[in-house]
Number of protein chains: 2
Amino acid sequence: MPSVRCHDCGRSFPFRERKRCACGEPLRFEPRELPRWPDSSNPGMWRYADLLPVDAPSGIGAAAGGTPMVRTPRLDVGGVRLFLKDEGRNPTGSFKDRGSAVAAAYAAENGIDRLGTVSHGNMAMSTAANAAGAGLDCTVCVPSDIPEERLSHIARYGPEILRIEGDYGRLYEASLELEGIEFVNSDTPLRVAGQKTVALEICEAFSPEIPDAIVLPVSSGGQLSGIWRALSELREADLIESVPRLYACQAAACAPIVRAFEAGEESVSAVEGGETIAYSIANADPPSGNRALGALRDTDGGAVAVPDEETRAARKRLAREGGFRVEASSAVAYAGLERLVERDEIASDERVVTVLTGSGFTESDGAAVDARTIPLDELADRFGRSA
Amino acid sequence: MPSVRCHDCGRSFPFRERKRCACGEPLRFEPRELPRWPDSSNPGMWRYADLLPVDAPSGIGAAAGGTPMVRTPRLDVGGVRLFLKDEGRNPTGSFKDRGSAVAAAYAAENGIDRLGTVSHGNMAMSTAANAAGAGLDCTVCVPSDIPEERLSHIARYGPEILRIEGDYGRLYEASLELEGIEFVNSDTPLRVAGQKTVALEICEAFSPEIPDAIVLPVSSGGQLSGIWRALSELREADLIESVPRLYACQAAACAPIVRAFEAGEESVSAVEGGETIAYSIANADPPSGNRALGALRDTDGGAVAVPDEETRAARKRLAREGGFRVEASSAVAYAGLERLVERDEIASDERVVTVLTGSGFTESDGAAVDARTIPLDELADRFGRSA
């Protein structure tokens, strides 16, 4: 049985004995060893299998990670040299597949029959798909007011779906105490272990250099926490000379981490969250908020809140000038980058990786469609016909 | 100016002088050189840039190809060892991005301002996105009766959209004669050049061995033609010892290539196509049908028609037992594999690659959602709570 350690107070426990530390903070796996750039022919994120708590699986889990990171000069902001890491290219369209793949492989190898998760979006689809691919049962707990359309995306993979009446925040913690099922929520150890691989991919691609900054949307803080952990281990192993600055972007209507950062607070307090199109990152009481805050301060990074109108404009620019169709929560990161450049927190000529956490294929943008109808015979009038 | 050669009669022309050969068959680029397994750090399909008519671009075009191919034992059919090549992992969710990326890069490098395409689905999204990413204008010609929802997916990338009243089959040919715009339809040379890379990726992953068979859904025949061409060149270069058998799968309601194959005909004739859920491969008069027929016979492969109820069941099995959410046309290939195994055309223990050509994220399956509503406090009754 591997052991897990508290991110904050450092106490350590056997995995599955406790879900959170007695001090209330999340737990993380101890790494098997310090990272080195692997000599591996494993696909995708399993290139880093030596650093994960489980070996590479077959099936859809094997197809997680290994997402493209491309230089996109047409989307540069004020002289900043932009690289987009397209996590929407994971099997179910979001970064969540990295953690779900680790969890499903671990469960299959260790006689755990059923995975669970508390999610109404990407994490629900991802957990259900990876459970299906590993031959596991799956239970997804969604809020009782979830839109029917979003439910249908989750249902495709055949999990048990429970609409839970009651406080959704309390459900997160309550689910971790249930028996006969392994809940893999957004900052549980198996998920965060998988999340670390996105930072490994980014840094290995830049090696021996590093990007100056990584900008990403933040909800629970689980991904940011995994990235921070991976960067710290890379630094400790001398694989990077210094650590890129980390920047967290949130929707202005629900930005508890940004608020705590700007107010110089010690820890993140719950906010009264409002409506936002970036619903998948609207977490009013982020369970890894304190980890996120630590990551931003420790790396000399920052935080930025983005109003929905800027998110809409960013989503449009990413699609119409870049060809990237992302969900609103990913557009928050690009809009956030624009604000950070304007505020001179990121300087011209710096190299910045923005993480596009999820594809926009399952999300409508509500924009009107502009199409003309013309008879076939008039098509040549529009263009001219070659002789 | 590179030259293009007729697939059939072998006549050669400067590229852009003619769109089809005088004999009516499609044209293809002459390869710059015979393939070798590259020593390249280019991303995705651009690993094979030396074999393409254009160098690797930046932006979304750079992110095409390099899709995962994973062994999926849980989806094996009758002892056949299945590998799924997940082309839904391309930037706009389908295999079309390989050809669109080549076309957009070529246009940007050669002063062509506008790309066009005739499509109501994947190819439209893909061409529009890749044009956007390369800073080109784009015109998409769709049938006048296209459903509004499908139009909204295309519109996200901001192309000019023309609903064309008239014969959609005739539009394909008519569009190639237009001036001031480069139409990249399903079997035009730039597109087919890009399509070849999927076969290169499959064969390099198996090298020095080969898979016994490749099974794929077929519509215009453009992809099959590209794969056949790539395999022939790999064989000529002695990079593979023999050529995998190629199998074409079509929806039973619209299966002109299967019909011609089964009837032992010399060429493919147009059929009266019926309705099918696999609308994106329902091509009643496939422009590269004769190339497809040649590929199937030359490689000792075959063809199979699949009724919609088997496609539905295959799509469900891929999602619920494999975690792969695909569009109906990709499920046709998995259902086709099941038929081929039943008919003993593919034998137990053979290694088969099935190409999942497109993701199912933009497609509804119309299935009812099964979800229960329970109060939070009763959740523990469902599972039990740990002590």
Side-chain angles (χ1 to χ4, degrees), chain A residues 43-44 58-60 62-63 66 68 70-74 86 89 91 93 129-130 132-133 135 144 151-152 155-158 161-167 170-171 174 177-181 319-325 361-362 365 369-377 379-380 383-386, chain B residues 43-44 58-60 62-63 68 70-74 86 89 91 93 129-130 132-133 135 144 151-152 155-158 161-167 170-171 174 177-181 319-325 361-362 364-365 369-377 379-380 383-386:
Chain A
S58 64
I60 194 148
V70 292
R71 175 79 182 93
T72 49
R74 279 176 44 78
D86 189 3
R89 300 280 291 279
N130 280 279
S144 54
L151 211 51
S152 77
R156 290 286 278 262
Y157 302 103
I161 300 177
L162 300 177
R163 298 184 211 245
I164 307 295
E165 287 173 331
D167 183 278
R170 195 158 66 81
L171 170 61
E177 303 306 319
L178 298 175
E179 274 192 335
I181 179 168
R320 297 188 167 213
E321 294 178 39
F324 292 90
R325 178 172 168 182
F361 291 113
T362 56
D365 72 347
V369 171
D370 184 20
R372 268 199 299 154
T373 303
I374 64 171
L376 172 54
D377 294 334
L379 189 58
F383 293 104
R385 185 177 283 129
S386 54
Chain B
S58 64
I60 194 149
V70 292
R71 175 80 182 92
T72 49
R74 279 175 46 76
D86 190 2
R89 300 279 290 279
N130 280 278
S144 54
L151 210 50
S152 77
R156 290 286 279 259
Y157 302 102
I161 299 177
L162 300 177
R163 298 182 210 247
I164 307 294
E165 288 173 332
D167 183 278
R170 195 157 68 78
L171 170 60
E177 304 305 321
L178 298 176
E179 275 192 332
I181 179 169
R320 297 189 167 212
E321 296 178 38
F324 291 91
R325 178 172 168 181
F361 291 113
T362 56
S364 153
D365 73 348
V369 171
D370 184 20
R372 270 198 299 153
T373 303
I374 62 172
L376 173 55
D377 293 334
L379 189 58
F383 293 104
R385 185 176 285 128
S386 54

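First the proteins, then the strands, lettered A, B, ... as listed; each starts at 1.
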J.: As an exercise, state the distance from CG of B/L376 to CG of A/L171, rounded to the nearest 0.5 Å.
T.: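 Reported value, rounded in 0.5 Å steps: 5.5 Å.
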J.: Regarding A/R89 and B/D86, does a basic nitrogen lie under 4.0 Å from an acidic carboxylate oxygen?
T.: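 Judged by the 4.0 Å cut-off on N to carboxylate O distance, A/R89 and B/D86 do not form a salt bridge.
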J.: Using a cut-off of under 4.5 Å for heavy-atom pairs, which of B/V70, B/T373, B/T72 has the most such pairs with chain A?
T.: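 Result: the option with the highest number of such pairs is B/T373.
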J.: How close do B/A319 and A/R156 get, heavy atom to heavy atom, and via which atoms?
T.: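 Nearest heavy atoms, B/A319 then A/R156: CB-O, 3.3 Å.
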J.: As an exercise: rank A/R325, A/R71, A/R170 by heavy-atom pairs under 4.5 Å with chain B and give me the winner.
T.: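 Between A/R325, A/R71, A/R170, the count favours A/R325.
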J.: Could you check if a side-chain atom of A/S58 sits within less than 4.5 angstrom of a side-chain atom of B/P73, using non-hydrogen atoms only?
T.: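 A side-chain contact exists here, since the closest heavy-atom pair is under 4.5 Å.
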J.: Find the distance between CG (B/L379) and CG (A/L162) and round it off to the nearest 0.5 Å.
T.: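 Interatomic distance, B/L379 CG to A/L162 CG, rounded to 0.5 Å: 6.5 Å.
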J.: Do you know which of B/I181, B/N130, B/L178 has the most heavy-atom pairs under 4.5 Å to chain A?
T.: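 If we count pairs closer than 4.5 Å to chain A, B/L178 comes out on top.
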J.: Would you compute the distance between atom CD of B/E177 and atom CZ of A/F383 and round it to the nearest 0.5 angstrom?
T.: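 B/E177 atom CD to A/F383 atom CZ measures 14.0 Å (nearest 0.5 Å).
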J.: Using side-chain hydrogen bond (donor to acceptor under 3.5 Å, both in side chains) as the criterion, list what pairs up with A/D167, not counting sequence neighbours.
T.: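 So A/D167 forms no side-chain hydrogen bond (donor to acceptor under 3.5 Å, both in side chains) with any residue.
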J.: I'd like to verify something: which residue of B/G44, B/G135, B/G180 has the highest number of heavy-atom pairs under 4.5 Å with chain A?
T.: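 Top count of heavy-atom pairs under 4.5 Å with chain A: B/G135.
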J.: Atom CD in B/E321, atom CD1 in A/I60: separation rounded to 0.5 Å?
T.: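 Here the interatomic distance stands at 13.5 Å.
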J.: For the residue pair B/P375 and A/I164, what are the closest heavy atoms and their distance?
T.: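 Closest heavy-atom pair between B/P375 and A/I164: C-CG2, 4.4 Å.
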J.: Looking at every non-hydrogen atom in both residues, tell me the closest pair between A/V369 and B/S152 and how far apart they are.
T.: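 Smallest heavy-atom distance, with atoms named: CG2-CA, 3.7 Å.
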J.: Below 4.5 Å from any heavy atom of chain A, which atoms of B/I374 appear? Answer side chain, backbone, both or neither.
T.: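 Both backbone and side chain.
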J.: Give, for atom CG of B/D370 and atom CG of A/L151, the distance between the pair rounded to the nearest 0.5 Å.
T.: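 Atom-to-atom, B/D370:CG and A/L151:CG are 9.5 Å apart.
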J.: Which bit of A/R74 comes within less than 4.5 Å of chain B, counting heavy atoms only: side chain, backbone, both or neither?
T.: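 When you check distances to chain B, only side chain atoms of A/R74 fall under 4.5 Å.
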J.: Which atoms form the tightest heavy-atom contact between B/A132 and A/G323, and what is the distance?
T.: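 Where B/A132 meets A/G323 most closely, the heavy atoms are CB-N, 4.1 Å.
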J.: Given heavy-atom pairs under 4.5 angstrom as the criterion, report whether the side chain, backbone, both or neither of A/P91 touches chain B.
T.: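 Both backbone and side chain.
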J.: Side chain, backbone, both or neither: which part of B/P43 has a non-hydrogen atom closer than 4.5 Å to chain A?
T.: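 For B/P43, no heavy atom lies under 4.5 Å from chain A.
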J.: So how far is it from B/E179 CD to A/R385 CZ, rounded to the nearest 0.5 Å?
T.: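 If we round to the nearest 0.5 Å, B/E179:CD and A/R385:CZ are 10.0 Å apart.
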J.: Out of A/G59, A/G93, A/G166, A/P68, return the one with the most heavy atom pairs under 4.5 angstrom to chain B.
T.: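 Sorted descending by pairs with chain B, the first entry is A/G59.
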J.: With a 4.5 angstrom heavy-atom cut-off, is it the side chain or the backbone of A/D365 that approaches chain B, or both, or neither?
T.: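 Contact with chain B: backbone and side chain both.
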J.: Output the option from B/S144, B/A155, B/G322 having the highest count of non-hydrogen pairs under 4.5 Å with chain A.
T.: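 Of the options given, most contacts go to B/G322.
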